[in-house]
Chemist: 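Got a structure for you, written out below as structure tokens; questions coming shortly.
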Number of protein chains: 2
Amino acid sequence: MPISAYDACMARAATTSDAFNAIAEPQRRDILVLLRSGERPVTALARDLRMTQPQASKHLRVLRQVGLVRFREAGKQRLYGLDAGGLRPIHEWVGGFEQFWGETFDRLDQYVQALQQAKQEAPRDDDEQ
Amino acid sequence: MPISAYDACMARAATTSDAFNAIAEPQRRDILVLLRSGERPVTALARDLRMTQPQASKHLRVLRQVGLVRFREAGKQRLYGLDAGGLRPIHEWVGGFEQFWGETFDRLDQYVQALQQAKQEAPRDDDEQ
DNA sequence: TTGACACATGCCAATATCGGCATATGATGC
DNA sequence: GCATCATATGCCGATATTGGCATGTGTCAA
């Protein structure tokens, strides 16, 4: 096999490449939330989330491929359920920033800090969005 | 009907639509991680993460638009820094699944649970496989 | 077997991405 | 002024997504 001659142009990563990409889609997040209350067949999901059945199936496919849901055959139905383990790495990654979001630089904080510093020192500024 | 006749086909949500989409890109995650150790100018980011300067700028633009980084002018440079507050909602959303990732349904767990339920109740059902 | 139901998949059009390269904007310094 | 460094942006091609609709596969029940 010729080894990937041209991987030069890679567009956005596949939604199936990892959980980060999979949960970037709001509807897929909705599915996951809904599944917290228990297993559900595709049609029920589609109905409750007001999407068409093919859409639900497609989203579920993505979620399956990254291992966030699993299903169980039950007669004609396929009961989809959570497999939330895949969310754990995300939680941990994001948690790595926990110490930083106390010090969030919103404009207000920034302003207050600037004032305090100004009181202590000479007036100085160069801050802007 | 001048008003949005066709919003029928909406492709993948913009990376700038929210933090979930912004951090779906690995390089942007790398930028955020790197910025934990302090503010950095664009060129330094590009060098350390082995990307071109335009790429770094583009990724930073996305991160700015969703409010995950801010910058400060310093002469010719723009010092980019974290604004991690936007990660908090993500952490909370994902955290909502914490109770589920102890009970990850691998096939073994499922089997054990099925056995236990069978012991407790009568074979009642529509439960299969 | 035939029909009904549940679900998956294929194709389409529209869109937005990402990387590469060139170029524009902006501030600094001579 | 002009050259230089730092950054942003524009255009391109390639790719993959999303929604809609139609259709295929598979299961159950008369």
Side-chain angles (χ1 to χ4, degrees), chain A residues 4-18 20-31 39-66 69-80 126 128-129, chain B residues 4-18 20-31 39-66 69-80 126 128-129:
Chain A
S4 85
Y6 257 52
D7 55 84
C9 257
M10 196 170 30
R12 193 169 180 180
T15 56
T16 57
S17 56
D18 58 33
F20 279 98
N21 279 280
I23 66 166
E25 165 69 46
Q27 308 223 66
R28 282 194 289 265
R29 289 200 295 274
D30 292 343
I31 289 179
E39 295 178 310
R40 297 222 173 194
V42 179
T43 311
L45 277 169
R47 178 172 38 74
D48 292 0
L49 298 176
R50 296 167 152 257
M51 50 176 118
T52 67
Q53 173 268 312
Q55 270 193 42
S57 280
K58 286 174 188 170
H59 284 311
L60 287 166
R61 185 172 145 85
V62 173
L63 292 171
R64 241 186 299 148
Q65 294 189 15
V66 299
V69 302
R70 86 210 124 75
F71 68 87
R72 192 161 59 92
E73 311 255 3
K76 309 195 236 192
Q77 316 196 90
R78 263 153 122 109
L79 295 177
Y80 277 85
D126 58 341
E128 182 142 34
Q129 199 264 353
Chain B
S4 91
Y6 257 50
D7 56 81
C9 257
M10 195 170 32
R12 193 170 184 179
T15 55
T16 56
S17 56
D18 58 33
F20 280 98
N21 279 279
I23 66 167
E25 165 69 45
Q27 308 223 64
R28 281 193 290 264
R29 289 200 295 275
D30 292 342
I31 289 179
E39 296 178 311
R40 296 221 174 195
V42 179
T43 311
L45 277 168
R47 177 173 39 74
D48 292 1
L49 298 176
R50 295 166 151 256
M51 48 175 120
T52 67
Q53 172 269 312
Q55 270 192 42
S57 280
K58 286 173 187 171
H59 283 313
L60 286 166
R61 184 171 144 87
V62 173
L63 292 172
R64 241 186 299 150
Q65 293 188 17
V66 299
V69 302
R70 88 210 122 76
F71 68 85
R72 192 161 60 92
E73 311 255 3
K76 308 198 237 190
Q77 315 197 91
R78 265 151 120 109
L79 295 178
Y80 277 85
D126 55 354
E128 249 173 328
Q129 247 228 11

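What you see is a predicted model; the values in this text were computed from it and never measured. Protein chains get the first letters and strands the later ones, always in sequence-line order, with residue 1 at the start of each.
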Chemist: Are any of the side-chain heavy atoms of Gln55(A) and Arg50(A) separated by less than 4.5 Å?
Modeler: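 Not in contact.
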
Chemist: Where the side chain of Ser57(A) is defined as all heavy atoms beyond and including C-beta, which of dA8(D), dG20(C), dT9(C) is the nearest nucleotide?
Modeler: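 Selected nucleotide (nearest to the side chain): dT9(C).
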
Chemist: Roughly how many Å is it from CZ in Arg72(A) to C1' in dC7(C), rounded to a whole number?
Modeler: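 Taking atom C1' of dC7(C) as the reference, CZ of Arg72(A) is at 16 Å.
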
Chemist: Could you give the CZ-to-P distance, from Arg47(B) to dT7(D), as a whole number of Å?
Modeler: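 So the CZ-P distance, Arg47(B) to dT7(D), works out to 11 Å.
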
Chemist: With rounding to the nearest 0.5 Å, note down the distance linking CD1 in Ile23(A) to CD1 in Ile31(A).
Modeler: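 Output value for this atom pair is 13.0 Å.
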
Chemist: Round to the nearest Å and state the distance from Arg61(B) atom CZ to dG19(C) atom P.
Modeler: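 After rounding, the reported distance stands at 16 Å.
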
Chemist: Establish, with yes or no, whether the OP1 or OP2 oxygen of dA6(D) is under 4.0 angstrom from a side-chain nitrogen or oxygen of Tyr80(B).
Modeler: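 Answer no for this pair, as no side-chain N or O of Tyr80(B) is under 4.0 Å from OP1 or OP2.
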
Chemist: Nearest heavy atom decides the nucleotide; on that basis, is Arg64(A) or Arg12(A) closer to the 5' end of DNA chain C?
Modeler: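 With Arg64(A) and Arg12(A) compared, the 5'-side residue is Arg64(A).
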
Chemist: Hey, are the side chains of Thr15(B) and Arg28(B) touching, using non-hydrogen atoms and a 4.5 Å cut-off?
Modeler: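 The answer is yes; the side chains approach within 4.5 Å.
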
Chemist: Can you see if the side chain of Gln55(B) gets near the phosphate of dC18(C) - specifically, an N or O under 4.0 Å from OP1 or OP2?
Modeler: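 Indeed not, no polar side-chain atom of Gln55(B) lies that close.
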
Chemist: Taking CZ from Arg29(A) and P from dT18(D), how many angstroms apart are they, rounded to a whole number?
Modeler: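 Nearest whole value for this atom pair: 12 Å.
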
Chemist: Lys58(B) NZ to dT7(D) C1': how many Å, rounded?
Modeler: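 Distance check: Lys58(B) NZ to dT7(D) C1' gives 13 Å.
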
Chemist: Between atom CG in Leu79(A) and atom C1' in dA8(C), what is the gap in whole Å?
Modeler: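 Rounded to the whole Å, the gap is 16 Å.
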
Chemist: Choosing from dA8(C), dG20(D), dG19(C), which nucleotide comes nearest the side chain of Thr52(A)?
Modeler: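 Among the listed nucleotides, the one closest to the side chain of Thr52(A) is dG20(D).
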
Chemist: What I'd like to find out is whether the side chain of His59(A) reaches to under 4.5 Å of the side chain of Leu49(A), using heavy atoms alone.
Modeler: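 With C-beta onward as the side chain, the pair stays apart.
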
Chemist: Run the numbers on Glu25(B) and Val62(B) for side chain to side chain contact (heavy atoms under 4.5 Å, CB included), then give the verdict.
Modeler: CA-CA 10 Å; Glu25(B) 165 69 45; Val62(B) 173; over 6 Å; no

Chemist: Roughly how many Å is it from CZ in Arg78(B) to P in dT28(C), rounded to a whole number?
Modeler: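 Taking atom P of dT28(C) as the reference, CZ of Arg78(B) is at 13 Å.
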
Chemist: Assign Thr15(B) to base, sugar-phosphate, or nothing according to its heavy-atom contacts below 4.0 angstrom with the strands shown.
Modeler: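 Result for Thr15(B) = sugar-phosphate.
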
Chemist: Output the single nucleotide from dA8(D), dC7(C), dG19(C) whose closest atom is nearest the side chain of Glu25(B).
Modeler: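 Out of dA8(D), dC7(C), dG19(C), the nucleotide with an atom closest to Glu25(B)'s side chain is dG19(C).
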
Chemist: Of the nucleotides dA8(C), dG26(C), dT7(D), which one has an atom closest to the side chain of Lys76(B)?
Modeler: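 The nucleotide sitting nearest to the side chain is dG26(C).
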
Chemist: Under 4.0 Å between any heavy atoms, over every strand shown, what does Gln53(B) touch: base, sugar-phosphate, or nothing? Just pick one.
Modeler: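 Since a base atom lies under 4.0 Å of Gln53(B), the category is base.
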
Chemist: Contact class for Pro54(A) (heavy atom, under 4.0 Å): base, sugar-phosphate, or nothing?
Modeler: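 Pro54(A): base contact, heavy atoms under 4.0 Å.
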
Chemist: Rounded off to whole Å, could you give me the CD-to-P distance for the Gln77(B) and dT7(D) pair?
Modeler: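 The answer, rounded to whole Å, is 5 Å.
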
Chemist: State, with a plain yes or no, whether a side-chain heavy atom of Asp48(A) is found less than 4.5 Å away from one of Arg40(A).
Modeler: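 Asp48(A) reaches Arg40(A) side chain to side chain.
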
Chemist: Please determine whether a side-chain nitrogen or oxygen atom of His59(A) lies at a distance below 4.0 Å from atom OP1 or OP2 of dT18(D).
Modeler: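 Looking at the OP1 and OP2 atoms of dT18(D), neither is under 4.0 Å from any side-chain N or O of His59(A).
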
Chemist: Measuring to OP1 and OP2 of dG19(C), would you say a side-chain N or O of Gln27(B) lies under 4.0 angstrom away?
Modeler: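 So the side chain of Gln27(B) is within the cut-off, an N or O lying under 4.0 Å from OP1 or OP2 of dG19(C).
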
Chemist: From the set dT7(D), dA8(C), dA16(C), return the single nucleotide nearest to any side-chain atom of Ala14(B).
Modeler: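 So the side chain of Ala14(B) is nearest to dA16(C).
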
